[in-house]
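Some notes on the structure that comes next.
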Amino acid sequence: MKPPALPDSIATPAYVLDEAALARNLETAARIKRETGCKILLATKAFALPAAFPMMREVLDGTTASGEYEARLGFDEFGKEVHVYSPAYMPGEVERLTKLARHIYFNSPEQIHRYLPIVQAEPGVKIGIRINPGYSNATLGGALYDPCAPYSRFGATRDTLDDVPWEHVDVLHAHALCEARDAGSVGLIRHIAREFPQYVRKVKAVNFGGGHFVNKPDYDVANLIAAINEFRATFGVDVILEPGAGLVVDTGYLVATVLDIHKNEKNIAILDASASTHMPDVLEVPYTPTVVGAAAPGELPHSYILGGKTCMTGDIIGEYAFAKPLHVGDRIVFTDMMQYSFVKNNTFNGVPLPSLNVLSADGTCRIVREFGYDEFRHRLG
Ligand SMILES: Cc1ncc(COP(=O)(O)O)c(C=O)c1O
């Protein structure tokens with residue numbers, strides 16, 4: 001899809017949410033909900049932009065959090081259901097969560113036994129158990145992003161499931177996917193139906209986690225819908241999905257400026273955006289993001305390594321080819337920069353944080369937040 005024109009006036013570095021693209025993605029979520037009756041929550045670990053919440057809350061049922069702060073964000077800013085899962089909770093965290101979240105998921109039967117009195121003290125709070133379904137479908141990063149990789153710390157293993165006090169549990173939670181296409185989603189749903197039916201029959205809802213990359217063109221949403229409907233017809237339970245990336249994939253940009261062109265056998269463009277500080281997944285996964293108007297080295301006449309202005313040698317975004325030579329002051333636009341980008345950024349080297357912006361469907365762009373020296377200074381005590 002061709003990205004829309006971004007105003008030259010945007011000061012860089014800048015993340016820009018494309019509201020028209022987000023609206024398209026939300027239509028997919030609306031269809032899945034409409035055709036299955038399932039609930040869909042936004043996993044705020046992937047994307048936590050309150051400026052986008054009014055649009056998202058029109059379609060989604062709420063948010064799912066990784067701990068107290070995200071739960072608070074969901075409670076204060078999204079305003080619908082708040083679910084929360086963490087592999088372990090800090091002292092006092094569960095007490096505080098009972099005031100924010102109506103669904104608290106635990107990582108083991110032992111945790112449920114430990115926290116049961118605290119949860120029961122707050123009427124209406126429901127308990128979930130995360131299981132480790134032993135279903136691996138890693139499409140990204142191998143074991144790094146496989147919740148069911150060997151020695152995973154996520155979820156109760158099968159041999160402990162008879163220790164779960166099921167009479168107190170409402171939701172069985174099985175997050176096992178990462179950037180999965182429909183075959184992964186359907187595979188997980190059928191795996192739970194086949195391998196864990198005796199436990200599914202003990203709960204009111206099954207949460208199939210995130211990692212459903214429903215807005216990628218090669219994801220056949222009809223197959224997911226059929227699998228959810230089959231599961232619901234078999235067990236008579238509610239179904240919950242909690243995607244993050246799949247809701248906001250391809251909905252925005254990181255806009256950078258070329259600060260300098262350095263030469264060391266190759267041409268190296270140094271940017272005011274950085275992999276280390278602004279797109280850490282580029283180094284962690286690792287992957288090479290798409291740049292608007294650029295191609296793979298050799299496919300266009302002018303090749304450049306794009307790197308950040310930090311002191312980290314590995315702060316390299318990738319090598320790209322352009323139709324024309326790059327110059328100081330040129331704009332570089334990275335695509336698919338809404339998921340796991342600004343939620344993970346940092347001020348290493350004192351590199352300024354990119355501003356947060358929203359591009360409306362009518363082409364107007366508004367700044368949601370700009371950052372300065374204070375953000376760097378405040379974190380240092
Ligand atoms: C428990 C849980 N739910 C949901 C998600 C969201 O996954 P994604 O952003 O890949 O859809 C994650 C991601 O790590 C997760 O750990």
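Counting convention: from 1, in listed order, for ligands and their atoms alike.
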(request) Measure A245 to ligand 1 on non-hydrogen atoms and call it side chain, backbone, both or neither using the 4.0 Å cut-off. (result) both
(message) Below the 3.5 angstrom mark, is there an N/O of K45, backbone or side chain, next to an N/O of ligand 1?
(response) yes
(message) What I want to know is whether P243 and ligand 1 share at least one N or O pair that is separated by under 3.5 angstrom.
(response) no
(request) For a side chain to side chain contact (heavy atoms under 4.5 Å, CB included) with D61, tell me which candidate from L41, I240, L241 qualifies. (result) L41
(message) Please confirm whether the ring centroid of F376 lies under 6.0 Å from the ring centroid of F371.
(response) no
(request) Indicate yes or no: does an N/O atom of L177 lie under 3.5 Å from an N/O atom of ligand 1? (result) no
(message) For Y340, state whether at least one heavy atom is located under 4.0 Å from any atom of ligand 1.
(response) yes
(request) Assign the ring pair Y320 / F334 to parallel, tilted or perpendicular, where the plane angle (0 to 90°) is split at 30° and 60°. (result) perpendicular
(message) For atom 5 (C) of ligand 1, what's the nearest protein heavy-atom neighbour? Residue, atom name and distance, please.
(response) H175 CE1, 3.6 Å
(request) Answer with yes or no whether the side chains of D315 and T310 bring together a donor and an acceptor at under 3.5 Å. (result) yes
(message) Heavy atom to atom 8 (P) of ligand 1, shortest distance: which of G211, G246, A180, A65 holds it?
(response) G211
(request) Give a yes/no on ligand 1: does R130 have at least one heavy atom closer than 4.0 angstrom to it? (result) yes
(message) Could you check whether E230 pairs with R190 (Lys NZ or Arg NE/NH1/NH2 to Asp/Glu carboxylate O, under 4.0 Å)?
(response) yes
(request) Provide the number and element of each atom of ligand 1 under 4.0 Å from a heavy atom of A43. (result) 4 (C), 6 (C)
(request) Heavy atoms only: give me the nearest L177-G210 pair and the separation to one decimal. (result) CB-O, 3.6 Å
(request) Give a yes or no on whether a salt bridge exists between R114 and E110, defined as a side-chain N under 4.0 angstrom from a carboxylate O. (result) yes
(request) Ignoring angles and geometry beyond distance, decide whether E242 reaches within less than 3.5 Å of ligand 1 through its nitrogen or oxygen atoms. (result) yes
